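The model shown is predicted, which means the values in this text are computed figures rather than measured ones. Convention: sequence-line order gives letters A, B, ...; per-chain numbering from 1.
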Number of protein chains: 4
Amino acid sequence: MSRNLPLSRDERRQQILDAARRVFARRGYHVASIDDVVKEAEVARGTFYNYFPSKRAVFAVVLEALFEAVASAPEPIRVDGDDIPSQVRANLVRMYRALAEHQDLTRILLAEAVGLDSEADEDLGRFYERALERVERALLAGQSLGLVRAGDARAMASCLLGVIKEPVFQAMLRREPLPVEAVAEEAFALVWTGVLAAR
Amino acid sequence: MSRNLPLSRDERRQQILDAARRVFARRGYHVASIDDVVKEAEVARGTFYNYFPSKRAVFAVVLEALFEAVASAPEPIRVDGDDIPSQVRANLVRMYRALAEHQDLTRILLAEAVGLDSEADEDLGRFYERALERVERALLAGQSLGLVRAGDARAMASCLLGVIKEPVFQAMLRREPLPVEAVAEEAFALVWTGVLAAR
Amino acid sequence: MSRNLPLSRDERRQQILDAARRVFARRGYHVASIDDVVKEAEVARGTFYNYFPSKRAVFAVVLEALFEAVASAPEPIRVDGDDIPSQVRANLVRMYRALAEHQDLTRILLAEAVGLDSEADEDLGRFYERALERVERALLAGQSLGLVRAGDARAMASCLLGVIKEPVFQAMLRREPLPVEAVAEEAFALVWTGVLAAR
Amino acid sequence: MSRNLPLSRDERRQQILDAARRVFARRGYHVASIDDVVKEAEVARGTFYNYFPSKRAVFAVVLEALFEAVASAPEPIRVDGDDIPSQVRANLVRMYRALAEHQDLTRILLAEAVGLDSEADEDLGRFYERALERVERALLAGQSLGLVRAGDARAMASCLLGVIKEPVFQAMLRREPLPVEAVAEEAFALVWTGVLAAR
DNA sequence: AATGAATGAGATTTCATTCAT
DNA sequence: CATGAATGAAATCTCATTCAT
């Protein structure tokens, strides 16, 4: 009935996008319906399709935004800066904090984006590819500096990514808050020295 | 259509269960339809419902079977047995091998079972709880033997779980085979000594 | 698994028929399933079809049995017997008692048998036809004896049938027991003298 | 298929409601399918569910409308108006006419609404309760005026209700038109003076 | 640009009936 | 005869998308 005030195209688009993110986080991609989204955004159903061609498309845009938010958290390691361990530890804290801050995003990223369809899998693949490359480059740099031990940097990167993701995933699964400091500390220690007692 | 000959309840049930597992792995829980399952099993639609009350129910059974298969892979570390590093490495290989053997299972476990509904989340939570406890106990034992460094064993366990899961997840995402030996080697090295070069 | 002892064809048939009557009374024709019936009868599903060609057919037989039970309740009015009012009153009591004794049958007759399909409607039509004819004949006899006032005996019979049915129906609807005596008394008084106070 | 032009919510709703009433009357609640209804209404299947949440729900609305239509037919007896017998006779004619006018409604009310489920039974129970109370009040008034003979007014009301319903039911069962005048006449005579010849 | 009524393919599930054992 | 596994047509209901207003 009552017609929404005209908004700039970008504002309206953002309004729908935000609503979609909240809905996807709350209900999951498959269970969420366009109806849920337009109700959350308080626009008419047709309006949605004026801005996005399909449910799948708006989800892709939501995903892309998440990628950006998480990927921008860590800062490049600088050889000339603080001592390297501190930089690594700080980056881990930054990552965990970014993930903890956006619990809804996390849920989408870890739970909803997987197994959607092959196109979504490719989006996700590209995301992790970028993440892995980044870690891999850091490891390779470390190896060439003699800081990091020899080994398959790619496989190592994959394991390291797991060190970051899993505690977040477990917290999400249990719907508990992520204990950022404790987890960052253990992750750092593991990465740095493994589980062994000092020799 | 030609009618299938009657089969013993157990055989038919298993046939449908296997088909369901393949279909869930290929298409994902939400996208898979009962039609897909009965076509894969080559039975009539009604036959499915003679054995399982719902799509959700058959998925629960599939999931439970996966839990068992994966959880039974590692063997307890024995202090009096082979040297401990070898036992740990062997367990990692066992786990990766179990997961690699059943690529379809892996997809379901890592991607499809997450965020389905609260009941599935609880199943999954219990599964990971068991896994974490197991790792945690091993770590605590190691600590009391002076082998493992001090620290929050729970958080450490969570990170270690990630070390195992992530390479498998990445392989699944890219639909590539898991390089079991290489990954096991890196995972072991990471767990044992971290990423640092020997000091 | 365990196979029922062989029974004579008639006994087995009766066993199924009784079960069907109970089930139809409890659940209603449409909601009742063959599964309900065979479980109630404790026979296999196939056995049912050895005795009755269809769900509809067994229902027809159940109905027929009810017809008999109810139709045999009243006794013919005899001009040479007790005084006629007593005979009429006695018949009303007999009818109400028969209906009250078989609550389940009543439910089927009044609620389930109507609107099933055109074939069932014809069965039901024949039943009421017989009932109406009987009442009509009694009324015509009464008219020729000068006992019953003039009028359309058929329409009168229809109204009288309603006098009998409705209290039973109301009791059924409320799932209350039928107060046989009180209802019979009022029905008799109504039939005999209407609602007017004596002039 | 050519798409129906958008209609106001109320118009479309009414269109579907009317179609549903016709279909329920023709086929019966259980046998009627949503498909029948949407074909009768000439709308798409989804359109039905835009207006009613379920088959059961649209039936409840149909039923409620019938209750209103039938319950509003008789007019209160006024002591200071025409002579009372005329008023009673007129009310009977009004009732029969209302029922005869809407044969479809009648079928639903008398046949389809009974024994559907406990909720429908309660609706029906309330409807008859209102009807019975109305008749009972009239009888009690008549008794206090010395017009109506003594007796259990409630039981009497129940019998009277049967006098009204049964001829309608019989006509419906035979799919014959209701002979309104003849039936009203006999019903009135029965109610007023019973079946006895004048003494 | 915004609206929301209309659409229909397709999903899950039921259950009367058949038939090999 | 008795059994119960197997069947598939058909039912209800969902929801992404279209399009007249």
Review point. When all nucleic acid strands are considered with a 4.0 Å heavy-atom cut-off, which category describes Ala57(B): base, sugar-phosphate, or nothing?
Key: nothing

Check your understanding: Between Tyr29(A) and Lys55(A), is there a cation-pi geometry (under 6.0 Å to ring centre, at most 45° from the normal)?
Key -> yes

Exercise for review: Would you kindly give the CG-to-C1' distance between Leu7(D) and dT7(E), to the nearest whole Å?
Suggested key: 15 Å

**Study point:** Protein-nucleotide distance (Phe59(B), atom CZ; dT13(E), atom C1'), rounded to Å
**Key:** 20 Å

Point to revise | Spacing of Lys39(D) atom NZ relative to dA10(F) atom P, expressed in whole Å | key: 11 Å

Exercise for review: Look through every strand shown and name the nucleotide pairing with dA11(F) as Watson-Crick or G-U wobble, where both distances are under 3.5 Å.
Suggested key: dT12(E)

Practice item. Tell me whether the OP1 or OP2 atom of dC1(F) has a side-chain N or O from Arg12(C) closer than 4.0 Å. Key: no

Review point. According to the Watson-Crick and G-U wobble definitions, with both distances under 3.5 Å, which nucleotide is paired to dT3(E)?
Key: dA20(F)

Exercise for review: Evaluate whether atom CZ of Arg26(D) has more than 12 neighbouring non-hydrogen atoms of other residues, nucleotides or ligands under 6.0 angstrom away.
Suggested key: yes

Exercise for review: May I ask you to say what Ser8(D) touches in the nucleic acid, namely base, sugar-phosphate or nothing, with a heavy-atom cut-off under 4.0 Å?
Suggested key: nothing

Exercise for review: Write down the distance between CZ (Arg27(B)) and C1' (dG10(E)), rounded to a whole number of angstrom.
Suggested key: 12 Å

Check your understanding: Which nucleotide sits closest to the side chain of Asn4(B): dT7(F), dA16(E), dT3(E)?
Key -> dT7(F)

Point to revise | Atom-pair distance (CZ on Arg56(C); C1' on dC15(E)), nearest Å | key: 18 Å

Review point. Roughly how many Å is it from CZ in Phe52(D) to P in dT14(F), rounded to a whole number?
Key: 15 Å

Exercise for review: For Phe48(A) and for Asn50(B), find the nucleotide of DNA chain F with the closest heavy atom, then tell me which residue's nucleotide is more 5'.
Suggested key: Asn50(B)

Review point. Has Thr47(C) got a side-chain N or O lying under 4.0 Å from the OP1 or OP2 atom of dT3(F)?
Key: yes

Study note, to complete from the structure: The nucleotide from dA5(E), dT12(E), dA6(F) with an atom nearest the side chain of Arg45(C) is dA6(F)

Revision key, fill the gap. DNA chain F nearest-nucleotide lookup for Asp35(A) and Tyr51(C): closer to the 5′ end is Tyr51(C)

Practice item. Tell me which of Glu42(D) and Pro53(B) sits closer to the 5' end of DNA chain E, going by the nucleotide each one is nearest to. Key: Glu42(D)

Review point. Taking OP1 and OP2 of dT13(E), is either one under 4.0 Å from a side-chain nitrogen or oxygen of Tyr49(B)?
Key: yes

Point to revise | Neighbour count above 12 (heavy atom, 6.0 Å) for Glu122(B) CD | key: yes

Point to revise | Among dT18(E), dT13(E), dC15(F), the nucleotide that comes nearest once only the side chain of Ser33(A) is considered | key: dC15(F)

Practice item. Would you indicate whether the side-chain heavy atoms of Val38(D) and Thr47(D) approach each other to under 4.5 Å? Key: no

Exercise for review: Return the nearest nucleotide to the side chain of Ala44(B); candidates are dT3(E), dT7(F), dC13(F).
Suggested key: dT7(F)

**Study point:** Atom pair distance, as rounded to whole Å: NE2 in His30(D) and P in dA16(E)
**Key:** 13 Å

Review point. What orientation do Phe24(B) and Phe59(B) show, parallel under 30°, tilted 30 to 60°, or perpendicular over 60°?
Key: perpendicular

Point to revise | Separation of atom NZ in Lys55(D) from atom P in dA11(F), rounded to whole Å | key: 9 Å

Check your understanding: Any donor and acceptor pair, going by atom type alone, linking the side chain of Asp18(B) with main-chain N or O of Gln15(B) inside 3.5 Å?
Key -> no

**Study point:** 5'-most by nearest nucleotide on DNA chain E - Tyr29(B) or Leu5(B)
**Key:** Tyr29(B)

Check your understanding: So which nucleotide from dT18(F), dT12(E), dA16(E) ends up closest to the side chain of Ile34(C)?
Key -> dA16(E)

